[in-house]
Amino acid sequence: MRYWLMKSEPTVFSWDDLKQAPNQTTCWEGVRNYQARNFMRDQMALGDRVLFYHSNAKPPAIMGVAEVVKTAYPDSFAWEPHSKYFDPKSSPEHPIWVMVDIRYCHDIDPPITLPQLRQIAGLENMILLRKGSRLSVQPVTPEEWAVIMEVTHSQGSC
DNA sequence: GCCAACGTTGGC
DNA sequence: GCCAACGTTGGC
């Protein structure tokens, strides 16, 4: 099992939105970066754990844990002309972008804010914390995951 | 609102 | 293939 971090702007899709979604599950459409896509397409497996991160939030924070319940499949939003994720280069015959489905697992309560993350020993090399890092889907090492789970005392089964 | 960092586009 | 211009991300 691998570990990931996925960013979402809460004004677009929030942690609460996930909790209130049918089956507490959502498709993760709209990834339009090749590196992020390749992680989803090539490496994400059923049961992988995901840190759900609020970007462009006050404060930015890790809100909870989700799990991958469906592996990569074509992102059909890319060929919806009225979607903000429309990409004319993609088509049903030749999809470019993929999405996965994730399901709510448990809260991280309280959320771990970005300033707090920067102070936690063992997370110095987290991709999220690197200067200029913008990857919206990124791997988290088992060691980083363990540190974060240690810091939050929230637990829950998926 | 600002702006640094990054990714993409397109002319050459 | 180079690289300048541009658009986006996302913290502050």
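Every heavy atom of this structure was used, including side-chain atoms; hydrogens, water molecules and symmetry mates were not. Only a predicted model underlies this, so the values are computations on that prediction, with no experimental measurement involved. Numbers restart at 1 for each chain; the letters A, B, ... are given by sequence-line order, proteins then strands.
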Exercise. Going by atom types only, do D101(A) and W28(A) share a side-chain donor-acceptor pair under 3.5 Å?
Worked result: no
For this session: Please list all pairs passing the disulfide (SG to SG under 2.5 Å) test where one or both residues lie in residues 78-156 of chain A, with sequence neighbours left out.
Result: C105(A)-C158(A)
Exercise. In the 5'-to-3' direction, what one-character label does each nucleotide of nucleotides 3-10 of chain C receive under the scheme B = base within less than 4.0 Å of a protein heavy atom, S = sugar-phosphate only, - = no such atom?
Worked result: ----BBBB
For this session: Indicate whether the side chain of D87(A) and that of S90(A) have a donor and an acceptor atom separated by less than 3.5 Å.
Result: no
Exercise. Contact class for K89(A) (heavy atom, under 4.0 Å): base, sugar-phosphate, or nothing?
Worked result: sugar-phosphate
Exercise. Where each residue is assigned the nucleotide of DNA chain B containing its nearest heavy atom, which of K131(A) and R32(A) is assigned the position nearer the 5′ end?
Worked result: K131(A)
For this session: May I ask you to check whether F39(A) and W4(A) place their ring centres under 6.0 Å from each other?
Result: yes
Exercise. Centroid-to-centroid, Y104(A) to W15(A), below 6.0 Å?
Worked result: yes
Seminar exercise, completed: Here the distance between atom P of dG11(C) and atom CG of L117(A), to the nearest Å, is 11 Å
